[in-house]
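Every chain is numbered from 1 and lettered A, B, ... according to where its sequence line falls, protein lines coming before strand lines. Quantities reported herein were computed from a predicted structural model and do not represent experimental measurements.
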4 protein chains.
Amino acid sequence: MRADAQRNRQALLGAAERLLATRGLTITLDDVAAEAGLNVATAYRHFANKQELFEAVVREEIDRAASIVADAAANPDAEAGMRDFLAQTLALITTKRSLHDILTPGVADRWLSELDARLEPLLGELIERGQRTGVVRAGVQPGDLGVVLQMLCAVTDIPSSDPEALRIRYLELLLDGLRATGGSGSLPGRAPSSRVARQSLEQEMKSRTHRGAGHAVRADPARG
Amino acid sequence: MRADAQRNRQALLGAAERLLATRGLTITLDDVAAEAGLNVATAYRHFANKQELFEAVVREEIDRAASIVADAAANPDAEAGMRDFLAQTLALITTKRSLHDILTPGVADRWLSELDARLEPLLGELIERGQRTGVVRAGVQPGDLGVVLQMLCAVTDIPSSDPEALRIRYLELLLDGLRATGGSGSLPGRAPSSRVARQSLEQEMKSRTHRGAGHAVRADPARG
Amino acid sequence: MRADAQRNRQALLGAAERLLATRGLTITLDDVAAEAGLNVATAYRHFANKQELFEAVVREEIDRAASIVADAAANPDAEAGMRDFLAQTLALITTKRSLHDILTPGVADRWLSELDARLEPLLGELIERGQRTGVVRAGVQPGDLGVVLQMLCAVTDIPSSDPEALRIRYLELLLDGLRATGGSGSLPGRAPSSRVARQSLEQEMKSRTHRGAGHAVRADPARG
Amino acid sequence: MRADAQRNRQALLGAAERLLATRGLTITLDDVAAEAGLNVATAYRHFANKQELFEAVVREEIDRAASIVADAAANPDAEAGMRDFLAQTLALITTKRSLHDILTPGVADRWLSELDARLEPLLGELIERGQRTGVVRAGVQPGDLGVVLQMLCAVTDIPSSDPEALRIRYLELLLDGLRATGGSGSLPGRAPSSRVARQSLEQEMKSRTHRGAGHAVRADPARG
DNA sequence: TATGAATGAGAGTTCATTCAT
DNA sequence: AATGAATGAACTCTCATTCAT
């Protein structure tokens, strides 16, 4: 690809990421192009349609995130590893509101399903080590960590003057829930397999991107 | 004449609720009016704009839900009360996907902020009783229950062949986290005050309703 | 380098011809270039714009066709000559739907006006011979053959399971009309001069190519 | 329907008719609306899409034309009847270039197929009477008149300083062909049934309206 | 008061044409 | 000379909202 094209493609992805982060899925391709200093048609040279651009943003994020998270999960100290894994992943998703917006609901699950091949073994081992050390209760499965992550994401949405503190508070609560020495023994039921969701990404985005809230409320009901 | 208006208003709210439940925020005011057997213009006689109608739906739900949940929280058995409170609230939100769709993220928090006046004392007492019985760790505050609720909502979004089982699994995990006898002692930080969020409702809806993803993507974008 | 250019030019013309034949005037210059294995910009090195390329296609066809038809008209048997002339020309136009699509209406007329210099004398002689033999009524002029041709073109557009039979049926009817021994004597009025139309080619193409029906209608215009 | 709506609907049809007449199928719905002094969206209230509006124009014309033509065909003098039928129909189509543009190719055929139920018996009788009087050769069928009409339409497209004279000239030629006492006896083959084409109207219009000539040549290649 | 109808302002997408490599 | 890429100007269709009956 030509140098300028490369640059423009990146500009578009960056613009999309930025706007998605601040304004969510409701942005216009015109907006994205403008933010990138380009014409809409140029966006269409690089991406078949709006959806494809958005998906490209998501996949980019996922790729960039994968190694980071995997490293955290590799921590030899099981408890620290678990905490780090959750915290880092959470931080990533939080930073990239685009991801959050696009992927919620099911954010972490989907995210994990993308990382699956790489991550599931690591998480399995992490849990096992934790169980041997006594910081993880019996019956915890890799999929549970995905769910826990998702629950933490929900916490992220709570407006607060100190979001970080909030996240820590409930991270502890959840880690304690995962440890649960005095509790009800092993967890009832089973964790969801994290492999399911992959195919639904496209579907989901389509439904959320298509005919969003329509034209909805006029920003400035100017005239009529 | 007063009766007619009242009936129409209810018809509109009902229609909106139904359509929001099934199709989410993408619905048209025309659609709502049609579902109600009325004309759009009539909707505008009752509600200043789309947003107000949607908000009215939410408030309706909240009002209807308030007493139900309060009853659950009044259970003399602290643990059962807590479990019931969470389960019932969760069930309500889950049933009304409209609520969920509109309010997520921040659903429970907002929801709670509405119920606040009525609920906070009840929850506070519930927690206290729990702490006396040993089923609730030190430092747990009413606001924490709101957060826990929100986390459970997130679980609801995970696709599963047995969603009920999933909810139970993580309800237990969270209750254990709230009990956490063997854990790290009291929770770090503080629960969010449940009073904050109210004002942001309007804002939030605006941003989520506004400038949807515009119009559809061609069914067959390829040729013509 | 001269050879390359020549080859590319031919490739473009060929591609345009093929695509015009199959898809009519709706084709894109991008399409044409792609079919030719070239880039659009290259098309613009050879032709000032879309219109010029299309016109070039037409002129190419005409040039290629000229001699063929002239031969047919040279048949010593007047009746056979006339029949052959019409049939062959018709066949040509029919085969090249591109021509047809672009030039109709006015196809034969224009076509003839191009061939004019070469053809009119031949046709004049053909008619004279026919009149001497009694197979052509008085008052028939070269221009009439052009018109007859055009009428046969119209027949070509009628959908039929046996188009060939249709063409023959009306070719006979027209030949009988040209003979018309028992009829109203000589034809009223005069045949059009075949020299007129040339200038309007450009105009015509412009109006037919210009501002197509814009973009497609949604495949599924209903919902989304 | 409300009075103003009725008026607007007519305005749209009229505008479409006028513009179709002058500019063919390439017109924009925006253009039509503007010509009608209305907004595009209003056009969409009355017609589901561009195509439907155009089809409505055509059907309107057809309805308006039906009785006129039927009357002509009812003339007791067979020859005059035939001549009148052809001339009147021709005049109609010629006046309404919209019809012509939309329906060509296959104009008369389709047109006839619409009128079929009403017309075919009349035409059959007309021919029979003609055959008894000796002004129509053996083997002529109702469908032949449709074809003859189509051939005359083709003549209409020939630019001329005296189009009327041209039409008369070839009308005579064709009538002589239909009479053909001295000719080759009965016509070879069979006339097309005029019943076929109806279904293809929609198809045809779709293909001709969709992605017309694309955006094609800029009217004023102003900038770039 | 309630409705049918009208409208302005987009949003997504396409394409002829030009610019930079 | 040829290409890849960029662009401006359309065009179709939608929808929140307002006007006229």
**Report entry** Backbone N/O of B:T28 and side chain of B:K50: donor-acceptor pair under 3.5 Å
**Finding:** no
Query raised in the report: Hey, does A:D31 have a side-chain heavy atom less than 4.5 Å from the side chain of A:R23?
Result: yes
Query raised in the report: Does the side chain to side chain contact (heavy atoms under 4.5 Å, CB included) test come out yes or no for D:F47 and D:V57, once each step is laid out?
Result: CA-CA 11 Å; D:F47 305 94; D:V57 170; over 6 Å; no
Query raised in the report: When the distance from NZ of A:K50 to P of E:dT13 is rounded to whole Å, what number comes out?
Result: 8 Å
**Report entry** CA sep, side-chain torsions, deciding dist, call: C:I27, C:F54, side chain to side chain contact (heavy atoms under 4.5 Å, CB included)
**Finding:** CA-CA 11 Å; C:I27 56 175; C:F54 286 9; 3.8 Å; yes
Query raised in the report: Who pairs with B:A48 by side-chain contact (heavy atoms from CB on, under 4.5 Å), at least two apart in sequence or on another chain?
Result: B:E52
Query raised in the report: How many Å lie between CD1 on C:I27 and P on E:dT14, as a whole number?
Result: 18 Å
Query raised in the report: Going by heavy atoms in the side chains, are D:Y44 and D:L53 under 4.5 Å from each other?
Result: no
Query raised in the report: What is the distance, rounded to the nearest whole Å, between atom CG of C:D4 and atom P of F:dA2?
Result: 6 Å
Query raised in the report: Are A:R7 and A:D4 close enough for a salt bridge, meaning some N to O gap below 4.0 Å?
Result: no
Report summary line: C:R7 CZ to F:dA2 P, in whole Å, measures 10 Å
Query raised in the report: What do the steps show when you test B:L13 against B:Q10 for side chain to side chain contact (heavy atoms under 4.5 Å, CB included), and what is the final call?
Result: CA-CA 5 Å; B:L13 287 169; B:Q10 285 310 314; 4.0 Å; yes
Query raised in the report: Between E:dA11 atom C1' and A:L29 atom CG, what is the distance in whole Å?
Result: 9 Å
Query - Nucleotide pairing, DNA chain E (Watson-Crick or G-U, distances under 3.5 Å), in dot-bracket with [ ] and | - result: .||||||||||||||||||||
**Report entry** Interatomic distance where CG belongs to A:L53 and P belongs to E:dT13 [whole Å]
**Finding:** 11 Å
Report summary line: 5'-most contact on DNA chain F (nearest-nucleotide basis), C:N8 vs D:R2, goes to C:N8
Report summary line: Between the CZ atom in C:R45 and the CG atom in C:N8, the distance rounded to the nearest 0.5 Å is 11.0 Å
**Report entry** Length of the CD-P vector between C:Q6 and F:dA2, whole Å
**Finding:** 11 Å
Query raised in the report: Roughly how many Å is it from CG in D:L12 to P in E:dA5, rounded to a whole number?
Result: 13 Å
Report task. Check DNA chain E against residues 35-45 of chain D and give the residues with a non-hydrogen atom under 4.0 Å, in numerical order. Result -> D:L38, D:N39, D:A41, D:T42, D:R45
